[in-house]
Amino acid sequence: MKNKKMKFYSAAFMSAALMVSALSLSACNESGSKGTKSAGKNAELNCPESPFDSTATGEFDPIASKDARPCGAITLWGSAMPKSFNMWEDYNSFSAELMGMMFEPLVSLHSTEDREVGILADSWSVSEDGKTFTFHVDPRAKWSDGKSVTAEDVQFYYDVIMDEKNLTPIFKVGLSRFDRPEVVDSLTVKMTAKESHWGNFWEAAGMLAFPKHVWAGKDFNQIRYEFPVVSGPYKIKTFREDRYVELARRADWWGFKKNWNRGKYNFEKIRYRFMNDQTKALEAFKKQDINAYAIYTSSIWMKQTDFDAIQKGWAVKQRIFNKEPIGFQGMAINLRKPQFQDVRVRRALNMLLNREAMNEKYMYNQYFLLNSYYPDLWEGNQNPTATLYKFNPDSARALFAEAGYKVNAQGVLEKDGKPFAINFITSQEDLRHLTLFQEDLKKVGVVATIEQMSQSTLRKRLDDADFDLYWVNWGAGRLRDPEASWISTTALQKGTNNLAGVQDKVVDSLINLQKTEFDLAKRNEILKALDNRLAEIVPYVLMWQCDHHRILYWNRYGTPEKVFDRFNREDAIPVYWWLDPTKSAALDKAMKAGESLPIPEYDVK
């Protein structure tokens with residue numbers, strides 16, 4: 001497996017803020033392990049229970065624990081530092097997680113039910129024709145500089161995203177269905193859709209506020225690492241390029257006046273360490289320089305995670321099974337390039353990826369092989385009508401021959417005097433899977449090369465569609481809107497989610513059909529038809545997927561009953577976990593005495 005999933009969120013930021021997430025982070029711990037290892041002692045001194053606030057309003061989040069208390073710090077791991085924390089102009093799941101800690105949507109999905117919950121908005125209404133949505137901003141909402149959050153700030157968000165100069169194509173897709181928001185009064189904003197669409201409410205609800213009094217007149221594309229004025233529970237305290245970013249909890253956050261946030265956002269400091277190498281991240285975890293570590297590589301999980309601290313119960317090793325929607329993983333084939341426009345070529349490439357061997361050799365058969373772009377819509381995560389490609393070099397050779405390729409005297413496939421060549425771009429250190437694929441491609445005459453680069457360079461290459469094949473792991477939201485990923489109009493946009501550059505009339509017609517279907521079950525049937533069409537045109541070399549999450553963490557933290565929440569992964573840690581004084585003291589005592597602690601259950605379901 002690669003590292004964290006690059007998530008695609010329908011209703012834009014709403015779903016990102018739903019849990020504040022997947023590509024992760026990490027950083028150099030300047031104080032070594034001192035701050036982390038002394039957390040237990042600090043917890044005993046400075047972790048009083050939160051007093052009940054009789055002035056707080058609204059319902060409680062059922063995932064949040066009543067035992068949680070605000071205190072302490074946690075250091076989390078992630079991958080290489082992104083080229084920007086501004087998720088709207090450089091979308092990646094780390095930046096989505098970071099921004100979700102600093103900005104809130106008007107309305108979000110409930111944590112356990114398929115209904116809405118007010119976040120920045122305290123009330124809303126929908127017109128009879130289902131096209132106009134009116135939101136009232138909670139009058140308690142304040143920016144971190146003390147100024148009130150206003151309807152103009154929500155309108156300003158729309159203006160920034162839709163400004164043609166701003167590199168925000170993913171977020172333009174949904175908002176383009178709306179006229180410019182109307183400011184009714186200082187706290188009321190009205191959104192009117194140009195057309196009927198099931199996702200209109202959630203797109204409007206996913207709007208958030210940008211600080212107009214701070215950002216007006218600034219080049220949004222240059223706002224990358226500094227966000228001095230925020231409306232959410234955390235703000236950036238310290239940032240060291242290529243090392244770490246540290247968030248500080250805002251004790252005066254207006255959102256703590258909402259019962260929905262009681263027992264959440266408990267850590268006084270959250271440090272994210274930038275560290276691309278997963279093995280080095282594991283070593284940092286063993287030293288307690290990282291406190292919780294989500295593992296996305298099976299070999300690491302199976303061969304390197306039964307160390308002494310795990311055996312003694314000082315650190316916890318768990319697999320988490322929940323209802324997070326399952327996305328897909330594969331290598332996007334750049335259909336904009338002439339050599340990939342023949343579907344026989346794309347099918348041949350699928351037959352040359354030895355997924356069975358990789359799953360067994362590298363991943364200990366912990367994954368199921370994909371033949372679907374929406375696997376969890378199908379029983380057993382398999383589309384019964386789509387081809388489940390098997391490794392078959394002979395059939396691949398035959399398809400290349402049908403497509404007009406012949407093997408020349410040097411053993412290279414060529415057509416019209418041009419060799420068939422593939423360049424893989426990657427920022428990953430673990431090249432085992434790509435190397436095996438490269439070897440099998442070369443055996444049939446494909447010239448295959450692997451080009452490693454920094455995360456920021458890779459992001460630019462993807463933004464410019466300057467690649468042949470690229471391995472990506474897409475997440476899935478609870479609300480599935482396929483438009484930004486597959487519709488033709490996004491194929492040539494800079495920074496598009498439509499990485500493969502799909503331009504297909506059948507795909508477009510199905511996407512347009514689902515827009516006006518408000519029944520979720522019927523909409524899912526349309527998505528199944530879309531899945532079948534994607535299987536026919538083969539825009540990806542599909543790979544594999546997992547039905548659980550893997551986490552290591554030091555046994556000093558309080559967690560929800562199921563460790564994460566119902567629909568997410570380690571994104572839940574900065575939202576729902578807390579430093580538990582009793583656990584922390586017990587861990588420190590056990591480690592000092594060299595004694596074991598009870599080992600928590602391995603599988604959490």
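The residues of the chain are indexed from 1 along the displayed sequence.
Using a 4.0 Å cut-off between a side-chain N of Lys or Arg and a carboxylate O of Asp or Glu, Glu324 and Arg566 do not qualify as a salt bridge.
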Can you list the steps and then say if Gln452 with Thr426 is a side-chain hydrogen bond (donor to acceptor under 3.5 Å, both in side chains)?
-> CA-CA 5 Å; Gln452 288 180 284; Thr426 182; over 6 Å; no
Stepwise salt bridge (Lys or Arg N to Asp or Glu O under 4.0 Å) check, Asp481 with Arg177 = CA-CA 13 Å; Asp481 186 349; Arg177 300 198 297 262; 3.8 Å; yes
Side chain to side chain contact (heavy atoms under 4.5 Å, CB included) between Leu369 and Leu388: does it pass, once the steps are laid out?
-> CA-CA 8 Å; Leu369 303 185; Leu388 181 63; 4.2 Å; yes
Could you go step by step and tell me if Asp129 and Ser127 meet the side-chain hydrogen bond (donor to acceptor under 3.5 Å, both in side chains) rule?
-> CA-CA 5 Å; Asp129 66 1; Ser127 64; 2.5 Å; yes
Derivation and outcome, salt bridge (Lys or Arg N to Asp or Glu O under 4.0 Å), residues Asp342 and Arg346 | CA-CA 7 Å; Asp342 191 319; Arg346 304 196 295 273; over 6 Å; no
Could you check Lys515 against Glu483 for salt bridge (Lys or Arg N to Asp or Glu O under 4.0 Å), going step by step and ending with a plain yes or no?
-> CA-CA 9 Å; Lys515 288 181 181 180; Glu483 185 171 359; 3.6 Å; yes
Let me see the working for Trp198 and Gln514 under side-chain hydrogen bond (donor to acceptor under 3.5 Å, both in side chains), right down to the final yes or no.
-> CA-CA 8 Å; Trp198 69 266; Gln514 63 88 41; 2.7 Å; yes
Step-by-step side chain to side chain contact (heavy atoms under 4.5 Å, CB included) determination, Ile63 to Thr112 | CA-CA 8 Å; Ile63 299 295; Thr112 62; 3.7 Å; yes
Steps toward salt bridge (Lys or Arg N to Asp or Glu O under 4.0 Å) verdict (Asp463, Arg459) = CA-CA 6 Å; Asp463 286 347; Arg459 185 69 256 175; 3.2 Å; yes
Can Asn86 and Ser84 be said to form a side-chain hydrogen bond (donor to acceptor under 3.5 Å, both in side chains), step by step?
-> CA-CA 5 Å; Asn86 183 344; Ser84 174; 5.0 Å; no
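In this structure a side-chain-to-backbone donor-acceptor pair under 3.5 Å is present from Gln155 to Pro181. Although no hydrogens or angles enter the test, the distance criterion places no donor-acceptor pair under 3.5 Å between the side chain of Asn497 and the main chain of Ala484. With hydrogens and angles ignored, the 3.5 Å screen pairs no side-chain donor or acceptor of Thr192 with any backbone N or O of Asp179. Of the possible polar contacts, one joining the Asn322 side chain to the Asp565 backbone as a donor-acceptor pair under 3.5 Å is found. In terms of modelled atom types and a separation under 3.5 Å, the side chain of Asn221 and the main chain of Leu167 share a donor-acceptor contact. Of the possible donor and acceptor atoms, one in the side chain of Asn498 sits under 3.5 Å from a partner among the backbone N and O of Val502. Side chain of Asn524 to backbone of Leu377: no donor-acceptor contact under 3.5 angstrom is found. Judged by distance alone, the side chain of Thr490 and the main-chain N or O of Ile487 form a donor-acceptor pair under 3.5 Å. Without hydrogens or angle criteria, Lys172 side chain to Ile161 main chain gives a donor-acceptor distance under 3.5 Å. Asp547 places no side-chain N or O within 3.5 Å of a backbone atom of Asn381 that could act as its donor or acceptor partner.
Considering every non-hydrogen atom in both His136 and Thr188, the closest pair reads CD2-OG1, 3.3 Å. The minimum heavy-atom distance between Tyr91 and Ala96, with the atom names listed, is OH-CB, 3.9 Å. Pairing each heavy atom of Gly327 with each of Pro375, the nearest pair is O-CG, 3.4 Å. Of all heavy-atom pairs spanning Ile526 and Glu517, the tightest one is CD1-CB, 4.3 Å. Nearest heavy atoms, Ser454 versus Thr457: OG-OG1, 2.9 Å. A pairwise comparison of heavy atoms in Ala465 and Asn334 identifies O-ND2, 3.0 Å as the closest pair.
You'll find the ring centres of His197 and Trp202 outside the 6.0 Å limit. For Trp486 and Tyr373, the gap between ring centers is short of 6.0 Å. A centroid separation of 6.0 Å or more is found between the aromatic rings of Tyr265 and Tyr576. Taking the centre of each ring, Phe210 and Phe220 come in below the 6.0 Å mark. Taking the ring centroids of Phe328 and Tyr540, they lie under the 6.0 Å cut-off.
More than 12 non-hydrogen atoms from other residues, nucleotides or ligands lie less than 6.0 angstrom from NZ of Lys494. Counting heavy atoms of neighbouring residues, nucleotides and ligands inside a 6.0 Å radius, atom CD of Glu379 does not exceed 12 of them. Within 6.0 Å of the CD atom in Glu59, the count of heavy atoms belonging to other residues, nucleotides or ligands exceeds 12. Counting heavy atoms of neighbouring residues, nucleotides and ligands inside a 6.0 Å radius, atom NZ of Lys528 exceeds 12 of them. With a 6.0 Å radius and a threshold of 12 heavy atoms from other residues, nucleotides or ligands, Lys522 has its NZ atom at or below the threshold.
With a 6.0 Å cutoff to the six-membered ring centre and a 45° limit on the axis angle, Arg355 does not count as a cation-pi contact of Trp544.
A 4.5 Å side-chain heavy-atom check between Gln455 and Met81 finds every atom pair outside the cut-off. When side chains are defined from C-beta on, Leu98 counts as touching Leu247, because their heavy atoms get closer than 4.5 Å. Looking only at side-chain heavy atoms (C-beta outward), Phe201 and Glu116 come within less than 4.5 Å of each other. Side chains of Lys337 and Phe340 form a contact here, defined as non-hydrogen atoms less than 4.5 Å apart. Using a 4.5 Å cut-off on side-chain heavy atoms (C-beta onward), Met543 and Leu353 make contact. Residues His213 and Trp143 have side chains in contact (heavy-atom distance under 4.5 Å, counting atoms from C-beta outward).
Using cut-offs of 30° and 60° for the angle between ring planes, the His548 and Phe321 rings count as tilted.
For the pairing with Asp376, the salt bridge (charged side-chain N to carboxylate O under 4.0 Å, His left out) check across Arg478, Arg480, Lys323 returns one residue only, Arg480. Evaluated for a side chain to side chain contact (heavy atoms under 4.5 Å, CB included) with Tyr157, the options Leu106, Val189, Leu175 yield exactly one hit, Leu175.
Scanning for salt bridge (charged side-chain N to carboxylate O under 4.0 Å, His left out) contacts around Lys165 gives Asp163, with sequence neighbours left out.
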